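This structure is a prediction, so every number in the text was calculated from the model and none was measured.
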Amino acid sequence: MQSFVFDDAVRFRLITQQEDTGAKVQVFFGVLAGVLLRWILVDVIKNQVPQTISVIIARIVVALIVTIFVFSGYWQKVKEQPAGMRFLSALAYGVSIDALVGPWTY
């Protein structure tokens, strides 16, 4: 009887689990665009918050961190949707996530 080999299990999962990389990129950039879009529309245009280079860099870094954290869980929900719907859904999700996270960045 052979014992369990972790490397073989990982290799088997990577071989049998075919993921659509293009779809993952589409969802990632959809969420990122939603986070940045809400920031630009609400803080920059509507509230006219003064923007310095440090604030801009900080918001981009926060947007990337938020996108990375929410992407893994959100990808599982939208991977079966059609391409156009997947991007719009990710964009709306990014806007709503930034509405929750945005106030913590002030």
Practice task
Under the side chain to side chain contact (heavy atoms under 4.5 Å, CB included) rule, collect the residues that match up with Ser54, sequence neighbours excluded.
Solution key: Thr52
Handout entry: Gap between atom CG of Leu88 and atom CD of Gln26 - 0.5 Å precision
Key = 9.0 Å
Completion exercise
Residues at least two apart in sequence or cross-chain that pass side chain to side chain contact (heavy atoms under 4.5 Å, CB included) with Leu41, listed by chain then number, are Leu37, Ile45
Result block: side-chain N/O donor-acceptor pairs under 3.5 angstrom for residues 92-101, not counting sequence neighbours:
residue	atom	partner	partner atom	Å
Ser96	OG	Ala92	O	3.4
Ser96	OG	Tyr93	O	2.9
Asp98	OD1	Arg59	NH2	3.1
Asp98	OD2	Arg38	NH1	3.0
Asp98	OD2	Arg59	NH2	3.1

Fill in the blank from the handout: With sequence neighbours left out, the residues meeting side chain to side chain contact (heavy atoms under 4.5 Å, CB included) with Ala23 are Asp20, Trp75, Arg86
Practice task
Check whether more than 12 heavy atoms from other residues, nucleotides or ligands sit under 6.0 Å from atom CZ of Phe29, and answer yes or no.
Solution key: no
Completion exercise
Val27 and Ala90 have their tightest heavy-atom pair at O-CB, 3.7 Å
Practice task
Establish whether Leu32 and Ile68 are linked, either directly or via other cluster members, by ILVMFWY side-chain heavy-atom contacts under 4.5 Å.
Solution key: yes
Fill in the blank from the handout: Note: with side-chain heavy atoms under 4.5 Å as the link, the other cluster members for Phe69 come out as Ile53, Ile57, Val61, Ile65
Exercise for the section: Please name all residues satisfying side chain to side chain contact (heavy atoms under 4.5 Å, CB included) with Ile56, sequence neighbours left out, ordered by chain then number. Expected result: Trp39, Gln51, Ile60
